[in-house]
Amino acid sequence: YEIMPSLVGSEMCIRDSDATVLSGDMSVVNLPISISYADLESFANQKIPQVLVDKRERKRYKKRILGLPFKIKGRLSTLVTRAGAISVSAHKDALDVVIPLSFKSRFKGDDASDPDASSKGTANVRLRIQLGVTSQWQPTLDIKPSYQWTRKPKLKIGILRLDASDMLGDALEKRLQKLAVELSEDVQSSTKLREAAAEHWYELHQVRQLGSNDTPAWLSVDPQAVYLSPIQLSTDSLQLEFALQARLTTLVGSVQAPPEAEPLPDLNIGPAPGNGVLLQLPVLLDYAGMTTVLEQRYLGKTLELPQGRIEFLKFKLYSAGKNLVLGALIKTQSSGLLLNTQGWLYLQGEPIYLAEAQQLQVENFAFTRQLDNPLISSASWVLQDSLRDQLGAALSYDLSADIDKTRSSMHARINRPIGDGFVMSGTVSELSLQGIQPRANDLLVLLRAGGNIAIASKLSLPPPNTMTTDRPPQAKTSTEPNDAP
């Protein structure tokens, strides 16, 4: 009714009937997800605390300095803090996370033979992260850590000032390598991507009603596969391009059971084969509504023909096999061969759609047998031709304006926000009538709709206070020898 208002009239309705299944072709819906680097930076700057290490411990060291052996013991205090904002950017196919750090350490010897020492410096720690997802829905992180001194540390022992960048750099590099392994393992163990995907996968196996509550038309979604294209890094965001491949089936009549849900399949790494959404949409034109349109156009009106005058009194429509039958109760007045009389005429033909002209017509429209048309015997063949042409024209509809209007309406409904953080976008590249089938109470018109649909999401990261954060290491006591501060 919304699609073809000029055709169906105000009283058109869709009647209940036995279920008719209109199987669609395989469709692909794109599901792009983007995460901006600005959001990642904001999240990281809130998630990672300002103070990373603040600890005090007892230490014993054995070290050779300037060729001389030293054996010292005392208390070591270490403070590592962030020296600036964390930045996130793209480097080829990897994410670059840069964390500016500042550190200070002080060693207080137990007695005069244990010299005091101190050191401080600043460095930029860089985590180069390659992201991936396996076919088992398992996120992976390949992290390559590195650092660069922005202020090389000096080790102060009494009056001595020694370059400690190599010594401290070795310790820092070992700690970063350990951190990279821990972070990768933590992501793999804590990210439940497969469980989340499986929940939505089962939710897709539903039969959804199309239109209003009075419309017995249903859309059945039978998902087949999920694809993930290689992760892309743009100048300002991380791009994940998922795609859902599903068969979309339209059901007309009583609601059917949803397709049996299969377990979530493995993730296909790569772009989905094919592109776009293809769907057979049912448009049911009720005969009662079509009859009302005819009566609004012709009832009580008189047609002046060269052979006489014709007045239409009543119409009725019904099907006969693949044909559409039109009955017209007419009253005729003629001063010639046709006497003034009243009666029913019946004509039938096959409804067709002329795609090029975008017209609905009745082909081979002709009178039925004379036994069914008693008025035929008193009508001239010239008058019969005129009547047939008039009634045939009444059942001919130019649908081009309706199809264009429908395409614009679908485009507007596709391109809109559909929820918090989700935007649906797409195009309608194809909208055409594929066939017409007369049924007991209506004409079933098959509308083929094709195009592209994407449901994009700009992922908003959860507030850091909803996640578990690591506490700074607590002060501890150690008496084990250590060969580096």
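Quick caveat, the model's predicted, so the values are computed rather than measured.
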Exercise for the section: For residues L278 and L248, determine if any side-chain heavy atom of one lies less than 4.5 Å from a side-chain heavy atom of the other. Expected result: no
Fill in the blank from the handout: Between S234 and Y37 the two heavy atoms that sit nearest each other are O-OH, 2.9 Å
Handout entry: CG on L31 to CD1 on I455, rounded to 0.5 Å
Key = 6.0 Å
Exercise for the section: For the pair D110 and R58, evaluate salt bridge (charged side-chain N to carboxylate O under 4.0 Å, His left out) and give the outcome as yes or no after the intermediate values. Expected result: CA-CA 10 Å; D110 286 347; R58 289 193 57 80; 2.7 Å; yes
Handout entry: Within-4.5 Å side-chain heavy-atom neighbours: Y202 and P263
Key = yes
Handout entry: Polar contact flag, side-chain donor to acceptor under 3.5 angstrom, S119-S105
Key = no
Handout entry: Side chain proximity check, I33 to F242, heavy atoms < 4.5 angstrom
Key = yes
Problem - Any donor-acceptor pair under 3.5 Å from D39 side chain to I35 backbone - result: no
Exercise for the section: For the residue pair E41 and S87, establish whether any side-chain heavy-atom pair is separated by less than 4.5 Å. Expected result: yes
Practice task
Please report the closest heavy-atom contact between L244 and P223, naming both atoms and the distance.
Solution key: CD1-CB, 4.0 Å
Handout entry: Main-chain N/O of Q136 paired with T134 side-chain donor or acceptor, under 3.5 Å
Key = yes
Practice task
Decide yes or no for K322 and P351: does some side-chain heavy atom of the first lie under 4.5 Å from some side-chain heavy atom of the second?
Solution key: no
Practice task
Look up atom CG in L447 and atom CG in L279, then write down how far apart they are to the nearest 0.5 Å.
Solution key: 9.0 Å
Exercise for the section: Examine distances only and state if a side-chain atom of T250 and a backbone atom of L219 form a donor-acceptor pair shorter than 3.5 Å. Expected result: no
Handout entry: Sub-4.5 Å side-chain heavy-atom contact between D96 and V88
Key = no
Problem - Flag side-chain contact, heavy atom, 4.5 Å: I436 against L444 - result: no
Exercise for the section: Compute whether any side-chain donor of one residue and acceptor of the other, for D186 and Q188, lie under 3.5 angstrom apart. Expected result: no
Problem - Mutual orientation of the aromatic rings belonging to W201 and H205 [parallel < 30°, tilted 30-60°, perpendicular > 60°] - result: perpendicular
Problem - Residues Q359 and Q361: side-chain donor-acceptor under 3.5 angstrom - result: yes
Handout entry: Side-chain H-bond candidate by donor/acceptor type, S237 with Q239, under 3.5 Å
Key = yes
Completion exercise
residues 73-84 vs side chain to side chain donor-acceptor pair (under 3.5 Å), sequence neighbours excluded, gives N45-R82
Problem - Contact summary for W137 and L193, nearest pair of heavy atoms - result: O-CB, 3.5 Å
Completion exercise
Taken to the nearest 0.5 Å, the spacing of E262 CD from D222 CG works out to 8.5 Å
Practice task
State whether the side chain of Q46 and the backbone N or O of S42 hold a donor-acceptor pair below 3.5 Å, judged by distance alone.
Solution key: yes
Fill in the blank from the handout: Tightest non-hydrogen contact, residues P153 and D163, listed as O-OD1, 3.7 Å
Handout entry: Student check: side-chain heavy atoms of V125 and V98 closer than 4.5 Å
Key = no
Exercise for the section: Please list all pairs passing the salt bridge (Lys or Arg N to Asp or Glu O under 4.0 Å) test where one or both residues lie in residues 148-157, with sequence neighbours left out. Expected result: none
Handout entry: Pairs meeting criterion salt bridge (Lys or Arg N to Asp or Glu O under 4.0 Å) with involvement of residues 191-208, two or more places apart
Key = R194-D266
Handout entry: Heavy-atom pair of closest approach, residues N30 and A243
Key = OD1-CB, 3.9 Å
Fill in the blank from the handout: Rounding to 0.5 Å, atoms CG (L324) and OH (Y287) come to a distance of 5.5 Å
Practice task
Look up atom NE2 in H91 and atom NZ in K144, then write down how far apart they are to the nearest 0.5 Å.
Solution key: 11.0 Å
Practice task
Test V97 against I86 for side-chain contact (heavy atoms from CB on, under 4.5 Å), laying out the working first.
Solution key: CA-CA 7 Å; V97 180; I86 299 171; 3.9 Å; yes
Problem - Worked check of side-chain contact (heavy atoms from CB on, under 4.5 Å) between V277 and V29 - result: CA-CA 7 Å; V277 173; V29 177; 3.9 Å; yes
Practice task
Please determine which of D142, V187, L141 meets the side chain to side chain contact (heavy atoms under 4.5 Å, CB included) test together with I129.
Solution key: L141
Problem - Steps toward side-chain contact (heavy atoms from CB on, under 4.5 Å) verdict (Y147, E173) - result: CA-CA 8 Å; Y147 70 93; E173 189 169 347; 4.2 Å; yes
Practice task
Tell me yes or no: between the side chains of T292 and Q296, is some donor less than 3.5 Å from an acceptor?
Solution key: no
Practice task
Measure the CG-CG distance between D286 and L443 for me, rounded to the nearest 0.5 Å.
Solution key: 9.5 Å
Problem - Closest non-hydrogen atom pair, L264 against A197 - result: CD2-CB, 3.8 Å
